[in-house]
Amino acid sequence: MKNSKKAWIIFRRIVLLLFIIFLINYFQVESGNYKNEINNKTILTEEKIKEFESDVRDGKFVDIKDYTEETYIDTSTPITNLGYNIGEGVNDFINNKVTKFFDYIGSFFK
């Protein structure tokens, strides 16, 4: 009886921890932080677009590095890094282990 009660307490703590990690990641994505990080790498300002168009029209040498701006600010925290690492681990598990498992099960039906 004691072992099942202890196992239930451990299970609830693990589920609670996973739920908290999920909430942190959810609010990070919903707040736009994740989208902002990705967009910062690809944004061209309106002025740079006009400058690019005029350089192409004039026949000048064009390099993308001349028209992009480096405005990336790292806003990650240890908690977001932990969530990212857990997500990568789950993704790796699903892609490798679960796929191999279903391939193994599928081999019985061939």
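Because only heavy atoms are used, hydrogens play no part in the values below, and waters and symmetry mates are left out as well, while side chains stay in.
Summarising the geometry, atom CD1 belonging to I10 is positioned 5.5 Å from atom NZ belonging to K6; distances are rounded to the nearest 0.5 Å. Between I79 atom CD1 and I21 atom CD1 the span is 9.5 Å, to the nearest 0.5 Å. In this structure, CD1 in I86 is found 7.0 Å from CG in L18, a value given to the nearest 0.5 Å. Between the CG atom in D63 and the CZ atom in F52 there is a gap of 10.5 Å [rounded to 0.5 Å]. For the atom pair NZ of K60 and CD of E51, the computed distance is 8.0 Å after rounding to the nearest 0.5 Å. Note that the CG atom of N96 and the CG atom of N91 stand 9.0 Å from one another [nearest 0.5 Å].
Looking at residues two or more places apart in sequence or on another chain, you find no side-chain hydrogen bond (donor to acceptor under 3.5 Å, both in side chains) involving N85.
The 12-atom threshold is exceeded at CG of L23, counting heavy atoms of other residues, nucleotides or ligands nearer than 6.0 Å.
The same ILVMFWY cluster, assembled from side-chain heavy atoms under 4.5 Å apart, contains both I24 and L16. By the criterion of side-chain heavy atoms lying less than 4.5 angstrom apart, applied directly or through intervening Ile, Leu, Val, Met, Phe, Trp or Tyr residues, F93 is grouped together with F101 in one hydrophobic cluster.
Using a 4.5 Å heavy-atom cutoff, the side chains of T80 and Y84 are not in contact.
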